[in-house]
Structures are given as C-alpha cells and as structure tokens.
2 protein chains.
Amino acid sequence: MNFSIAEENYIKAIWRLQQADSNVTTNELSAELQTKPASVTDMLKRLKEKKILNYEPYYGVKLNADGKKIALGIIRRHRLWEYFLVEKLKFEWDAVHVIAEELEHVSSPELVERLDHFLGFPKADPHGDPIPDSSGRMETSKHISLHQLKEQQPAIVSGVNDQSSGLPEILRQKKISIGTKVEIKQRFLFDGSIEIKIRNQPLITLSEQLAKNIYVTPL
Amino acid sequence: MNFSIAEENYIKAIWRLQQADSNVTTNELSAELQTKPASVTDMLKRLKEKKILNYEPYYGVKLNADGKKIALGIIRRHRLWEYFLVEKLKFEWDAVHVIAEELEHVSSPELVERLDHFLGFPKADPHGDPIPDSSGRMETSKHISLHQLKEQQPAIVSGVNDQSSGLPEILRQKKISIGTKVEIKQRFLFDGSIEIKIRNQPLITLSEQLAKNIYVTPL
DNA sequence: TATTTTTTTTAGATTTGCCTAAATTATAAT
DNA sequence: ATTATAATTTAGGCAAATCTAAAAAAAATA
Ligand SMILES: [Mn+2]
Ligand SMILES: [Mn+2]
Ligand SMILES: [Mn+2]
Ligand SMILES: [Mn+2]
C-alpha cells in the first residue's frame with residue numbers, strides 16, 4: 001500500500017508517542033503534529049480503513065504490526081538521511097532534522113538500500129538514535145535524559161535531542177559529545193541546574209534546559 | 001513564495017515545452033503531465049495569480065522571468081540529484097529520473113548548495129544535460145538527435161534521453177557513451193535505421209528508435 | 001464565408017487534509 | 001451520585017488538485 005506524506009507523518013508520530021505510552025490519545029497527536037484534534041480524528045478514521053492501526057473512538061490508538069513496520073521504514077529513511085547530511089554534506093546536526101523530515105518521504109526502496117550501502121551501514125544517526133535495518137529491526141536503546149540521571153551514577157552520553165538548534169555549539173564548548181562519560185556531582189533544586197564531572201576536569205555546570213536535551217545510558 | 005509539488009511539476013513542464021515552442025498550449029501540458037486539459041486550465045489560473053507566468057485564455061501560456069528562475073531552480077535540483085544517484089549511489093542512469101522527480105521537490109536551499117559542493121560542482125547530469133548554477137544560469141546546449149544528423153557529418157555524442165529504460169545496456173554493448181565521436185555512413189529509408197562509424201571499428205547498425213534517443217553535437 | 005472539427009474553458013463533483021463550532025462522551029470533583 | 005470539566009467526535013466548510021460532461025471559442029475545412 002501507498003501512503004501520502006501526511007499519512008506518513010501521522011504514522012511516525014503515533015509510533016513515537018506509543019513508545020512512551022502504549023495507547024496514544026487524540027490530544028497527544030494533535031500537539032505533536034501541530035494540528036487540531038478534529039483533524040486527528042479524521043485521519044485516524046482513514047488510517048483505520050487502511051488497517052494499519054487499532055483505533056477505538058474515545059479510547060486512543062495504537063499501531064498494529066503492519067503499522068509498526070511502516071513506521072520503522074520511515075524512521076529508517078529519516079535517520080539514514082540525517083547521517084548523510086552530517087557525514088557527507090557536513091551539516092551541523094541541529095540543522096538536519098528539518099531537512100530529513102522532507103527526504104524521509106522519498107519512496108524508492110532501491111534508493112534507501114543504496115544510500116545505506118553508500119554510508120557504510122551506519123548503526124546510529126547523528127543524534128545517537130539507532131537506525132532500523134531494512135526489515136525494520138532496531139536496537140531498543142533505553143536512554144534517559146541527563147536531567148533524570150541519579151547523582152553519583154556514572155553514565156555515557158548516548159544521544160541528544162534532534163530538534164533543538166544551537167545544541168552543537170554549546171556542547172562543543174563544554175567538550176561533551178556522544179560517548180563522553182559523565183557523572184552528576186551536585187543538583188540544585190533552585191533552578192534545576194546540575195554540576196557534572198567529565199574525565200578529570202573541573203566540575204561544569206549545566207542548566208536544566210541543557211541537561212534535558214542530552215541523553216545518557218547509565219553504566 | 002512557496003510552491004506545492006504539483007505547482008513545481010507544472011512549472012517544470014511549461015519550461016521544457018516552451019524551449020521548443022515559446023507558447024505552450026493546454027493540450028501540450030495535459031499530455032506532458034498526464035492530466036486532463038480542464039485540470040491544466042485550473043492550475044494555469046492559480047499560477048497566474050502567483051504572477052509567475054503569462055496566461056491568455058485560449059492562447060497558451062509562457063513563464064515570465066520569475067517563472068523561469070523558479071523552473072531553473074527545480075531543474076538544478078533534479079540534475080544534481082541525478083548526478084548524485086549515478087556517481088555516488090551507482091545507479092544506472094536509466095533508473096534515476098523517476099527518483100529525481102521526487103528529490104527535486106525537497107526545498108532546502110542550503111541542501112542544494114552543499115550537495116553541489118559535495119559533488120564537486122558538476123557541469124552536466126548523467127544524461128548530458130547542463131546543470132544550472134545557483135543563480136539559474138545554464139549553458140544552452142543545442143544538441144540534436146542522432147537520427148536528425150546529416151550523413152557524413154561527424155558529431156560527438158552529447159546526451160541521451162533521460163526517460164528511456166534499457167538504454168545503458170544497449171549503449172554499453174555498442175560501445176557508445178557521452179563523448180564518443182560518431183558519423184552516419186548510410187541511412188535506410190525502409191525502417192529508418194542508420195549505419196554509423198565509431199573510431200576505426202566496423203560499421204554498426206542502429207535502429208531509428210535508438211538513434212532518436214541519442215543526442216549529438218555536430219563538429 | 002459557412003460549417004465542421006478541435007481546442008479550451010466552465011460547471012459541477014470528488015478526495016484529501018485541514019479548520020471552527022457544537023455536540024457528545026469520558027473523567028474528575030464535589 | 002450528581003455535576004463540572006476535559007477530551008473527543010461530529011457537522012459543516014474550505015482550498016488544492018483532480019475528474020467528467022457540457023458549453024464556448026478558435027482553427028481548419030469545405
Ligand atoms: Mn530527526
Ligand atoms: Mn535523529
Ligand atoms: Mn531526468
Ligand atoms: Mn537528466
């Protein structure tokens with residue numbers, strides 16, 4: 001079956017939301033997609049017709065097996081293109097998400113497979129998110145935000161928020177990148193800021209805002 | 001201003017047709033775009049509103065300066081992507097047109113400039129068609145089809161039809177590629193086939209169908 | 001020049017994807 | 001258990017992009 005760009009965006013949004021929540025509500029979707037709840041209801045009815053999700057009026061929606069497979073195909077394309085944009089075209093990684101939102105809808109399967117090969121079969125995109133393979137399998141990376149990390153719990157930076165612009169600059173300045181080992185030494189309730197230890201350098205302070213956009217895997 | 005995918009396809013089709021014909025008719029467009037004449041009329045009215053073309057009911061349509069610039073931007077993207085697909089992803093060049101029809105609509109100007117740089121600022125796409133520069137300038141290659149070439153008139157193969165599938169295979173077999181010097185030695189009126197001389201090899205026969213899909217620049 | 005044919009436009013519908021406003025259902029609070 | 005609030009759906013509409021059928025205009029032919 002064939003899906004329009006609008007449909008693909010809904011499928012991807014449902015997939016993302018159901019990772020956290022299993023059952024996705026109309027309001028959550030309308031917030032995610034910047035549309036009105038009434039428009040979401042419309043689209044859910046259409047996608048139910050296409051048998052890729054279970055939608056129970058008033059009780060939310062969930063992708064079925066077919067729907068998940070389609071979602072992972074879109075995510076695969078999105079992340080491969082992000083990798084291409086950063087590695088080959090030398091974009092900063094805060095600029096690529098918007099462009100990949102368009103490229104992900106180019107539908108040639110041959111293109112995706114050749115792109116993957118050209119890129120050397122990367123395992124993760126520039127934000128640290130895993131790239132599904134051609135049959136839709138993907139490592140389930142269960143990282144948390146640095147903001148949620150417990151004090152004195154060492155962790156490895158495993159990703160960053162792919163939507164926030166200006167992030168590369170501040171992370172470069174603070175010498176943090178994917179793979180960096182970090183540990184929270186102190187947490188200030190006043191403003192949510194944290195002091196972290198990196199390697200053997202003096203403590204650095206991160207704002208709550210910043211810590212929420214960095215993802216880590218506890219060791 | 002911003003243009004939809006449908007609008008961009010119309011703009012490109014008008015541009016292509018007005019190269020041959022200056023004034024483009026509704027029927028020509030409907031044939032080119034595989035739509036009904038009534039749909040063309042509708043769209044021409046919308047594009048006239050946007051002030052990128054001169055449309056006189058019953059008398060055809062012509063892009064104005066703004067329209068031409070937009071068209072050349074789309075053509076630039078199309079041809080850069082075709083070059084990428086062949087040179088980097090190793091597609092055969094009869095496969096890339098369809099994919100480039102989608103990629104050309106990805107709208108980031110930054111993407112186009114970086115892609116151009118990444119590819120080494122190519123001058124022509126895999127079919128021999130010139131790639132407009134970022135300000136819309138393009139060499140006007142005036143090649144003719146090999147079928148139209150006069151006998152005993154040496155010429156260089158300068159391009160191929162970008163839409164015909166199976167062409168790379170037969171050209172490889174006959175050892176013809178862009179840059180090859182050719183000369184028609186004999187022409188058969190019976191079936192339109194021609195005998196051509198390449199380098200110092202024995203004459204080869206090309207069908208009318210094939211000769212019409214190869215473009216040459218007479219020396 | 002008058003008539004026929006072809007081209008083009010208009011009128012009226014349809015589908016997709018969105019909207020606002022009103023009605024309905026579910027959930028939370030008294 | 002009612003009542004109030006919040007979430008969701010329905011109803012009705014709109015714009016883009018397409019279509020078919022009918023009308024109108026231009027071009028070709030007699
Ligand atoms: Mn992204
Ligand atoms: Mn990403
Ligand atoms: Mn092409
Ligand atoms: Mn081409």
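In this text the structure is predicted, and so the values were computed from the model without any measurement. Order of the sequence lines sets the chain letters (A, B, ...), proteins ahead of strands, with each chain counted from 1.
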Minimum side-chain heavy-atom gap Pro57(B)-Tyr55(B) below 4.5 Å: yes

Interatomic distance where CD1 belongs to Ile5(A) and P belongs to dC18(C) [whole Å]: 11 Å

Side chains of Arg187(A) and His147(A): closer than 4.5 Å at any heavy-atom pair? yes

Please give, in whole Å, the distance from dT15(C) P to Asn2(A) CG? 18 Å

Roughly, in whole Å, what's the span from CG in Asn9(A) to C1' in dG17(C)? 12 Å

Could you give the CD-to-P distance, from Glu49(B) to dA17(D), as a whole number of Å? 13 Å

Trp93(A) and its side chain to side chain contact (heavy atoms under 4.5 Å, CB included) partner, picked from Leu85(A), Leu167(A), Asp162(A): Leu167(A)

Parallel under 30°, tilted from 30 to 60°, perpendicular over 60°: which one fits the rings of Phe84(B) and Phe118(B)? tilted

Determine: side-chain N/O of Tyr55(B) to OP1/OP2 of dT8(C), distance under 4.0 Å, yes or no. no

Nearest whole Å is fine: how far is dT9(D) P from Lys45(A) NZ? 8 Å

Val216(A) to His143(A) - nearest heavy-atom pair and separation: O-CB, 3.2 Å

Between P of dT8(C) and OH of Tyr59(B), the distance in whole Å: 11 Å

After noting the C-alpha distance and the side-chain angles of Glu208(A) and Lys212(A), does the key distance pass the salt bridge (Lys or Arg N to Asp or Glu O under 4.0 Å) rule? CA-CA 6 Å; Glu208(A) 176 173 8; Lys212(A) 279 182 168 165; 3.0 Å; yes

Sorted by number, residues from residues 21-41 of chain B placing a heavy atom under 4.0 Å from DNA chain C are Thr25(B), Thr26(B), Asn27(B), Pro37(B), Ala38(B), Thr41(B)

Asp42(A) CG to dC19(C) P, straight-line distance once rounded to whole Å: 10 Å

Gap between atoms CE and P, on Met43(A) and dT15(C) respectively (whole Å): 16 Å

Taking for each residue the nucleotide of DNA chain C with the nearest heavy atom, is it Pro57(A) or Ala6(A) whose nucleotide lies nearer the 5' end? Ala6(A)

Does Arg46(A) put a side-chain nitrogen or oxygen below 4.0 Å from OP1 or OP2 of dT16(C)? no

Whether Lys90(A) side chain and Glu87(A) backbone form a donor-acceptor pair below 3.5 Å: yes

Quick one: is Tyr58(A) getting a side-chain N or O under 4.0 Å of the dA6(D) phosphate, OP1 or OP2? no

